[in-house]
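Working notes for the structure below.
Every value quoted in this text rests on a predicted model; they were computed, and no experiment measured them. Naming convention: chains lettered A, B, ... in sequence-line order (proteins, then strands); numbering from 1 in each chain.
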Amino acid sequence: MGKPGGDPPFPYGSLGKHVGGRHYRRGVAKRNLLLTPVLEWYARCARELPWREPGATPWSILVSEIMLQQTPVVRVLPVWTEWMERWPTPAALAAEPPGEAVRHWGRLGYPRRALNLHACARAVTELHGGRVPADHATLLTLPGVGEYTAAAVASFAFGGRHAVLDTNVRRVLARAVRGEEYPPKATTAAERVLAESLLPGPEDAPVWAVAVMELGALVCTARAPRCADCPIRDRCAWRLAGKPPYEGPARRGQTYAGTDRQCRGRLLAVLREAHGPVPKAALDSVWDEPVQRERALDGLVADGLAEVLDDGTYRLPGGPPARPPGTG
DNA sequence: GAGCCGTGGAC
DNA sequence: TGTCCAAGGCT
């Protein structure tokens, strides 16, 4: 079986410790002029995050990526740490009922990701010999793993060469290359082509990916970019154009109060914090509007985030915690 | 492709 | 206060 979580042939933890490209950038292909300044900046300014350390396993990196979907790093850190202590391998999580993943998801948001991660653990255990797949196409078959996450895991856990196109990278490229303040609402083919064209050689591709993401997260931020601290400010098309404001349709517009989402969140919080099945009255007490409440509750059950018992009580799916022998 | 899926911090 | 945003994915 090998080491828990699998042996990463590529150490994510070494990403910040070299500024590479010595060979490839001498090649004839169109050079990525952003590569050297971004890599140097990353070596100097990258955050120290536990999933980037040398001891990180493919499993721990996969967990971090899914937790980080639409969720800030500072909120992921404590939950990721607890998960890694509790479930250091896919097999450890796979041995639990899915409800335990949901319970220990806490308030990270989008709790179906907890269910996805549990399903990932079982798929890895039952279909892939207990090891997180290294191949991008195989990663894509895992629940909750889409284009971005597959590229990120293949790149950061296994050293693959992929365009890793998250919201940070899209924003950096929109500004630096296209000269626009924000990228389009949905990822376009043009963005993928651009990201592919900027990919350095195999040796540098993973560092480049994490470095551009980090630049977007720390410097080239959505609201108040710190252009004075930017390693590519002299090449940034948007800054050189005088930072023209975003033109286009409003990019958001979702209220939250009173939505089904808020209702689902309230209901699930009750189940998470309970240590056993809860009577329906306990759920009724956290949301006044009955039609919406029933719809939301049915939705949670349909999504596999809750289940009804024969006596009409509700709980997280799959029963109580599985206690190891002798610890009850 | 648009809408949906949580939560909390910043401004 | 309300709005925007945070390492997306799925239907």
Side-chain angles (χ1 to χ4, degrees), chain A residues 12 15 46-47 49-52 56 60-80 102 105-117 119-120 139-157 162-172 181-189 191 195 206 209-218 220-225 246 249-272 286-287 295-296 299-300 302-306:
Chain A
Y12 193 170
L15 290 183
R47 292 168 291 184
L49 299 172
W51 46 84
R52 291 180 185 163
S60 73
I61 291 170
L62 172 61
V63 171
S64 78
E65 289 300 339
I66 290 187
M67 287 184 172
L68 286 162
Q69 291 170 1
Q70 303 286 284
T71 309
V73 165
V74 287
R75 286 173 47 205
V76 165
L77 277 169
V79 180
W80 181 89
V102 176
W105 194 250
R107 304 188 68 81
L108 273 189
Y110 292 146
R112 63 178 49 172
R113 293 182 294 162
L115 240 31
N116 286 339
L117 227 20
C120 279
L139 284 163
L140 269 182
T141 69
L142 297 175
V145 175
E147 177 62 36
Y148 160 76
T149 303
V153 171
S155 183
F156 304 150
H162 302 277
V164 180
L165 208 50
D166 79 326
T167 186
N168 290 305
V169 176
R170 296 182 61 219
R171 188 173 54 248
V172 170
E181 186 176 17
Y182 296 117
K185 301 177 74 166
T187 305
T188 63
E191 288 182 276
V210 72
V212 185
M213 286 177 58
E214 190 79 340
L215 186 64
L218 297 184
C220 195
T221 53
R223 204 164 305 177
Y246 175 77
R251 303 188 307 137
R252 267 293 193 276
Q254 49 154 23
T255 53
Y256 181 62
T259 60
D260 283 15
R261 284 157 90 166
Q262 185 185 30
C263 183
R264 287 167 56 109
R266 291 256 189 99
L267 295 172
L268 195 61
V270 171
L271 300 183
R272 240 182 5 238
V286 299
W287 198 264
R295 182 172 66 234
L300 289 174
D303 290 347
L305 285 163

Name the nucleic acid region contacted by A:Arg171, choosing base, sugar-phosphate or nothing; use a 4.0 angstrom heavy-atom cut-off, strictly under.
sugar-phosphate
Sugar-phosphate, base or nothing in reach of A:Gly146, heavy atoms under 4.0 Å
sugar-phosphate
Evaluation steps, side-chain contact (heavy atoms from CB on, under 4.5 Å), between A:Leu305 and A:Arg264:
CA-CA 10 Å; A:Leu305 285 163; A:Arg264 287 167 56 109; 3.7 Å; yes
Side chain to side chain, A:Asp166 and A:Val169, heavy atoms closer than 4.5 Å
yes
Work out how far the P atom of B:dC4 is from that of C:dA7, and round it to whole angstrom.
23 Å
I need the CZ-C1' distance between A:Arg75 and B:dG6, as an integer number of Å.
8 Å
Can you check the A:Asp303 CG to C:dG9 P distance for me, whole Å?
18 Å
Any side-chain donor paired with an acceptor under 3.5 Å for A:Asn116 and A:Arg113?
no
By nearest-heavy-atom nucleotide on DNA chain C, the more 5' of A:Leu68 and A:Pro143 is A:Leu68
On a whole-Å scale, what distance lies between the P atoms belonging to B:dG6 and C:dT1?
25 Å
Going by modelled atom types, is there a donor-acceptor pair between the base of C:dC4 and the side chain of A:Arg223 at under 3.5 Å?
yes
Winner on side-chain proximity to A:Thr167, out of B:dC5, C:dT3, C:dA7, is C:dA7
Shortest side-chain distance from A:Tyr110, nucleotide among B:dT7, C:dG8, C:dA7
C:dG8
Remember a base hit wins even if backbone is also touched, and classify A:Leu268 as base, sugar-phosphate or nothing at under 4.0 Å, heavy atoms.
nothing
Please report the distance, rounded to the nearest Å, between CD in A:Glu214 and P in C:dA6.
14 Å
Under the 3.5 Å rule, do the base of B:dT7 and the side chain of A:Arg261 count as making a donor-acceptor pair?
no
For the pair made of CE in A:Met67 and C1' in B:dT7, what is the distance, rounded to whole Å?
15 Å
Does A:Thr71 get its side chain close enough to the base of B:dG6, under 3.5 Å, for a donor-acceptor pair?
yes
Is there a side-chain polar atom (N or O) of A:Arg113 under 4.0 Å from OP1 or OP2 of C:dG9?
no
With a 4.0 Å cut-off on heavy atoms, is A:Thr149 in touch with a base, just the backbone sugar-phosphate, or nothing at all?
sugar-phosphate
Do A:Val210 and A:Arg52 come close enough that some side-chain heavy atom pair is under 4.5 Å?
yes
Categorize A:Leu49 for me: base, sugar-phosphate, or nothing, with a 4.0 angstrom heavy-atom threshold over every strand shown.
base
Just how far, in rounded Å, is C1' of C:dC10 from OH of A:Tyr148?
18 Å
At under 4.0 Å, does any side-chain N or O of A:Gln69 touch on OP1 or OP2 of C:dA7?
no
Whole angstrom value for the distance that separates C1' of C:dC10 from CG of A:Leu117:
16 Å
When you measure from the side chain of A:Arg171 to the backbone of A:Gly216, do you find a donor-acceptor pair of N or O atoms at a distance under 3.5 Å?
yes
Taking only residues two or more places apart in sequence or in another chain, which ones pass ring-ring contact (aromatic ring centres under 6.0 Å, His included) with A:Trp80?
A:Trp51
In terms of the nearest nucleotide of DNA chain B, which residue is placed more toward the 5' end: A:Gly106 or A:Ala186?
A:Ala186
Tell me, do A:Glu147 and A:Leu165 make a side-chain contact under 4.5 Å, heavy atoms counted?
no
Could you please name the option among C:dA7, B:dG8, B:dG6 that lies closest to any side-chain atom of A:Arg107?
B:dG8
Between A:Pro72 and A:Glu147, which has a closest nucleotide on DNA chain C that is more 5'?
A:Pro72
Give the nucleotide from the list C:dA6, C:dA7, B:dG8 with an atom nearest to the side chain of A:Arg47.
C:dA7
Rounded distance in Å - CG (A:Leu108) to P (B:dT7):
10 Å
Rounded to whole angstroms, how far apart are CH2 on A:Trp105 and P on B:dC5?
17 Å
